[in-house]
2 protein chains.
Amino acid sequence: MSQHTQTGGMTIAIIGTGLVGLGWAIVFARAGLPVRLHDKNPEQLKDAPIRMQQSLRDLAEYGLIQESPEEVLARCSYHNDLAEALKGIDYVQESVLERVDVKQDIYKAMERCLAPHTIVGSSSSGIPASAFTQDISFRARCLIAHPVNPPYLAPIVELVPASWTSTDTVEAVHQLMNRVGQHPIRVHRELEGFVLNRLQGVLLREAWALYDEGYCSLEDIDATISKGLGLRWSFMGPFETIDLNAPGGISDYAQRLGDLYLSIDKERTNPQPWSDELISKVEHERRQHLAASKLIERSNWRDRRMMALAAHKQHQEGQ
Amino acid sequence: MSQHTQTGGMTIAIIGTGLVGLGWAIVFARAGLPVRLHDKNPEQLKDAPIRMQQSLRDLAEYGLIQESPEEVLARCSYHNDLAEALKGIDYVQESVLERVDVKQDIYKAMERCLAPHTIVGSSSSGIPASAFTQDISFRARCLIAHPVNPPYLAPIVELVPASWTSTDTVEAVHQLMNRVGQHPIRVHRELEGFVLNRLQGVLLREAWALYDEGYCSLEDIDATISKGLGLRWSFMGPFETIDLNAPGGISDYAQRLGDLYLSIDKERTNPQPWSDELISKVEHERRQHLAASKLIERSNWRDRRMMALAAHKQHQEGQ
C-alpha cells in the first residue's frame with residue numbers, strides 16, 4: 001500500500017485488546033506498520049490473533065485489503081509485559097476500559113516505561129484526556145483519538161486535546177491518522193461527548209421524544225434515516241447537504257429554513273431523562289422486530305453491510 | 001417490473017412540474033402507472049418530458065430502471081387544462097410551490113373537477129394539510145405525502161394526516177406508495193417540521209452551534225457524519241444502530257449513555273436564531289471549499305452518488 005513508505009519507521013503499540021484495540025491494530029498493520037499489542041489479561045491477548053484473523057479474512061473477501069490476512073498479521077506481536085510492548089515505540093493507541101480509574105492506572109504504569117518522544121492517543125468515547133492525564137509527566141503528549149467502531153471500516157477519528165496537550169502532538173497524530181488511511185478531525189478543546197456523540201445524541205434525543213409523544217413507531221423513525229436522510233449523509237455531511245439544497249447555497253438555505261428549525265428547537269427546552277417506563281416500552285417494541293436471540297446475527301449483518309459500503313465508497317471515491 | 005400488476009388500473013396526476021413533481025412522475029411511471037402532468041405554466045410543462053428524459057437516462061445508466069427511458073416516458077401525458085388532467089384520476093400528487101396561498105388556490109381549483117373517490121397527497125415539506133384543506137369539500141381525502149428529493153432515489157415518504165383526514169385515505173396512500181417502490185411512514189398527527197425535517201433540524205442546530213462556539217471547522221463536522229455516523233445511517237436507523245451497539249440491546253444502551261445525552265441536551269436549552277453574522281461566517285468558510293460557481297457541478301456529483309448508492313443498496317438488499 002502507498003502508506004508504507006510515508007509512515008516508514010513508525011512503530012505502534014496497542015494497549016487493551018478488546019474490540020476497539022484490535023480494530024486499531026488492523027488499521028495500523030494494514031497500513032504497513034509494526035504493531036505491538038498488550039493486554040493485562042493474558043487470555044484475551046492470546047485470542048487476539050485469531051480474532052484479528054477473522055476480521056482480516058472478511059476484509060479480504062470484500063477487497064478491502066490488498067495483502068493476505070497472514071501478511072498483515074505478521075506485523076503484529078503480542079506482549080504480556082507492558083514495558084516490553086512500549087519500549088522505544090512512537091505512538092500508543094490506548095484502548096482500555098472506559099472508566100476513569102482504569103485509565104488513570106494505565107497512564108501511571110505507562111509513565112514508568114515510555115520513551116521521551118512517545119505520543120499516546122486514547123480511544124475514549126466520552127471521558128476527556130484531562131480527567132486521567134493531569135498528573136502525568138508526559139501529559140503534553142496525550143490526547144483523545146476517538147474512533148467509530150470498527151475503525152478499519154469507519155475512517156473518522158476525533159482528535160481532542162486537553163488544555164495541556166501540545167499542538168505538536170495534535171499535528172503528529174493528525175498526520176499519522178491521515179497516513180494510515182483514517183480521517184482525523186480536530187476538535188479544538190474538550191467538551192462533553194466530543195463532536196461525534198453530540199451529533200448522535202441530538203438525533204437520538206429527538207427520535208426518542210417523537211416516539212414517546214406517539215408521533216411515530218420506532219421502525220418508521222428508523223426508516224426516515226435509513227431510507228431518507230442517511231443516504232446523503234453516507235457521503236456528505238450536513239453542511240454540504242444544505243449548501244446543495246438551496247439555489248443560493250448555505251446562506252440561502254439558512255434564510256429559508258432557519259426559522260423552522262429554531263421553532264422546533266424552542267419546543268425542546270425542558271430536557272427530561274428517558275424514564276424506565278419509556279426505556280421498557282422502546283425495548284419491547286424493538287424486540288417485536290428483532291428478538292434478543294438474534295442480536296448477534298444482526299450485528300454480523302451490520303458488519304457485512306459496513307464492509308460492502310466501504311468497498312462501494314472506495315470504488316466511488318477512486319473514480 | 002413486478003409492481004405493474006399490483007397497481008393495475010390506478011391512474012395518477014401530478015400537479016406542479018417543478019423538480020419534485022417531475023421526480024414523482026418518474027416514480028409512478030417507472031412502476032407502470034399512467035401519469036398525467038399539469039402545470040399552470042405552459043413553458044414549464046412543455047419542458048417536462050425533456051427534463052424527465054435526462055433523469056431517466058441517468059437511472060438507466062445506473063441500472064435503476066429495467067425499461068428504456070422512452071418506455072417509461074410513454075406512460076406520461078401533459079395537460080394544460082387542470083380538469084382534463086384530473087378527470088377520473090385515482091391519486092393526485094400535488095407538488096405546487098410551498099406557500100399557503102398557492103396551495104389553497106390549487107385545492108379550491110381541484111374541488112371543481114375531482115372525482116368523488118380521488119385522493120390528494122401534497123409534497124409539502126413543512127406546511128401541514130390543515131393549513132390549506134380546512135374549507136375543502138374533499139378534505140377527508142387529503143394528506144401530506146412528503147418525499148426526499150429526488151423521490152426516485154430516496155424512497156422515504158412521510159404520510160401526515162390532518163385531523164379530518166380519513167384513516168382509509170392514509171391506508172390507501174400507504175399501500176400505493178409501497179406498491180410503487182417507495183417506503184411510506186405513518187406520522188400519526190401533525191407537528192412542526194413533520195418527522196424528517198425535525199431529525200435533520202436537530203442535527204443541523206447542533207452542528208451550527210459547535211461551529212459557532214469554535215469547536216470545529218465546517219469541514220470536520222461534515223466528516224464526522226460522512227466518514228463516521230452517516231455510514232451506518234445509510235442502511236440502519238438510529239434505534240437499530242443503538243440496539244446493536246450494546247451487548248444487552250437498546251435498553252442496555254439507554255442505561256449506559258442516557259445520562260451523557262441528557263447532559264448534552266441540558267446545555268442547549270436557550271435556542272437562538274442563526275445570526276446574520278454567523279450565517280455570513282458559515283457561507284464564507286463553505287465558499288473556501290466550494291466556489292459558488294461550482295454549486296451546480298457539485299449537485300450533479302451528489303445526484304450521481306445518490307444513484308450509485310441506490311444501485312449499491314438494491315444489490316445488497318436483493319441478496
Side-chain angles (χ1 to χ4, degrees), chain A residues 148 154-156 183 185 187-188 192-193 195-196 198 200-207 215-216 218 220 222-231 233-240 243-244 249-251 254 258 260-262 264-266 269 271 273-274 279 283 286 295 299 302 305 308 312 316, chain B residues 148 154-156 183 185 187-188 192-193 195-196 198 200-207 215-216 218 220 222-231 233-240 243-244 249-251 254 258 260-262 264-266 269 271 273-274 279 283 286 295 299 302 305 308 312 316:
Chain A
V148 163
I156 197 76
H183 192 104
I185 68 159
V187 182
H188 298 306
E192 183 88 311
V195 166
L196 189 137
R198 291 183 80 91
Q200 174 158 242
V202 290
L203 193 80
L204 281 172
R205 295 277 303 170
E206 183 61 23
Y215 285 109
C216 240
L218 296 185
D220 279 359
D222 266 0
T224 308
I225 302 296
S226 65
K227 313 278 183 184
L229 292 167
L231 304 177
W233 288 341
S234 70
F235 60 91
M236 302 195 295
F239 286 111
E240 179 156 30
D243 196 29
L244 301 179
I250 197 162
S251 54
L260 170 66
Y261 295 142
L262 179 61
I264 291 170
D265 237 23
K266 284 185 173 165
T269 52
W274 296 333
I279 293 174
E283 171 76 21
R286 191 56 212 148
L295 279 166
S299 298
R302 173 203 57 200
R305 286 296 297 259
H312 163 78
Q316 287 296 312
Chain B
V148 163
I156 197 75
H183 192 104
I185 68 157
V187 182
H188 298 308
E192 183 88 314
V195 166
L196 190 136
R198 291 183 79 92
Q200 174 158 243
V202 291
L203 193 80
L204 282 171
R205 296 277 305 171
E206 183 63 24
Y215 285 109
C216 241
L218 296 185
D220 278 359
D222 266 0
T224 308
I225 302 296
S226 65
K227 313 279 183 185
L229 291 167
L231 304 178
W233 288 340
S234 70
F235 59 90
M236 303 194 295
F239 287 112
E240 179 156 30
D243 196 28
L244 302 179
I250 197 163
S251 55
L260 170 67
Y261 295 141
L262 178 61
I264 291 170
D265 237 23
K266 283 184 172 164
T269 52
W274 296 333
I279 293 174
E283 172 75 19
R286 189 61 208 147
L295 278 167
S299 299
R302 174 204 55 199
R305 286 295 298 259
H312 163 78
Q316 287 297 312

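Just so you know, these numbers come straight off a predicted model, no measurement behind them. Throughout, protein chains are lettered first and strands after them, A, B, ... in sequence-line order, and every chain is numbered starting at 1.
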K.L.:
In terms of heavy-atom pairs under 4.5 Å with chain A, which of B:His183, B:Lys266, B:Arg205 leads?
P.N.:
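Most heavy-atom pairs under 4.5 Å with chain A: B:Arg205.
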
K.L.:
Spell out, as yes or no, whether a donor-acceptor pair under 3.5 Å connects the side chain of A:Asp222 to the backbone of B:Glu240.
P.N.:
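Here the side-chain-to-backbone pair exists.
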
K.L.:
At a 4.5 Å cut-off on heavy atoms, which part of B:Arg305 comes close to chain A: side chain, backbone, both, or neither?
P.N.:
both

K.L.:
Side chain, backbone, both or neither: which part of A:Arg286 has a non-hydrogen atom closer than 4.5 Å to chain B?
P.N.:
side chain

K.L.:
Within this structure, what is the CG-CZ distance for the pair A:Asp220 and B:Phe239, rounded to the nearest 0.5 Å?
P.N.:
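Rounded to the nearest 0.5 Å, the CG-CZ separation comes out at 11.0 Å.
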
K.L.:
Counting heavy-atom pairs under 4.5 Å with chain B, which one of A:Gly237, A:Pro155, A:Gly228 comes out on top?
P.N.:
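The candidate making the most pairs under 4.5 Å is A:Gly237.
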
K.L.:
Can you measure from CD1 (A:Ile250) to CG (B:Leu218) and round to the nearest 0.5 angstrom?
P.N.:
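Rounded to the nearest 0.5 Å, the CD1-CG separation comes out at 6.0 Å.
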
K.L.:
Go through the atoms of A:Arg302 and report whether side chain, backbone, both or neither lie under 4.5 Å from a heavy atom of chain B.
P.N.:
both

K.L.:
Quick check for you: among B:Cys216, B:Ala254, B:Gly193, B:Ser226, which has the greatest number of heavy-atom pairs under 4.5 Å with chain A?
P.N.:
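Looking at each option in turn, the highest pair count goes to B:Ser226.
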
K.L.:
Tell me, for A:Leu204 versus chain B, whether the close heavy atoms (under 4.5 Å) come from the side chain, the backbone, both or neither.
P.N.:
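Interface part for A:Leu204: side chain.
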
K.L.:
Enter the distance from B:Arg198:CZ to A:Leu203:CG here, rounded to the nearest 0.5 Å.
P.N.:
12.5 Å

K.L.:
Heavy-atom pairs under 4.5 Å with chain B: which of A:Ile156, A:Thr269, A:Val187, A:Leu196 has the most?
P.N.:
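Looking at each of A:Ile156, A:Thr269, A:Val187, A:Leu196 in turn, A:Ile156 comes out on top.
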
K.L.:
Looking only at heavy atoms, what is the nearest atom pair of A:Ser234 and B:Ser234, with distance?
P.N.:
CB-CB, 3.5 Å

K.L.:
Can you tell me which of A:Ala223, A:Ala154, A:Pro238 forms the most heavy-atom pairs within a distance under 4.5 Å of chain B?
P.N.:
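Among the listed options, the one with the most contacts to chain B is A:Pro238.
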
K.L.:
Looking at A:Leu244, A:Ile279, A:Val195, which one has more heavy-atom pairs under 4.5 Å with chain B than the rest?
P.N.:
A:Leu244

K.L.:
Rounded to the nearest 0.5 Å, what separates atom OH in B:Tyr215 from atom CD1 in A:Ile185?
P.N.:
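The OH atom of B:Tyr215 sits 13.5 Å away from the CD1 atom of A:Ile185.
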
K.L.:
Heavy-atom pairs under 4.5 Å with chain A are the metric here; pick the option from B:Pro273, B:Gly249, B:Gly230 that has the most.
P.N.:
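Top option by heavy-atom pairs under 4.5 Å: B:Gly230.
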
K.L.:
So, does B:Glu283 use its side chain to make a donor-acceptor pair with the main chain of A:Ser251 at under 3.5 Å?
P.N.:
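Yes, B:Glu283 side chain to A:Ser251 backbone: donor-acceptor pair under 3.5 Å.
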
K.L.:
Determine the option with the most heavy-atom pairs under 4.5 angstrom with chain B, choosing from A:Leu260, A:Val148, A:Asp265, A:Leu295.
P.N.:
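Heavy-atom pairs under 4.5 Å are most numerous for A:Asp265.
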
K.L.:
Apply side chain to side chain contact (heavy atoms under 4.5 Å, CB included) to A:Met236 and B:Ile225, showing your working.
P.N.:
CA-CA 7 Å; A:Met236 302 195 295; B:Ile225 302 296; over 6 Å; no

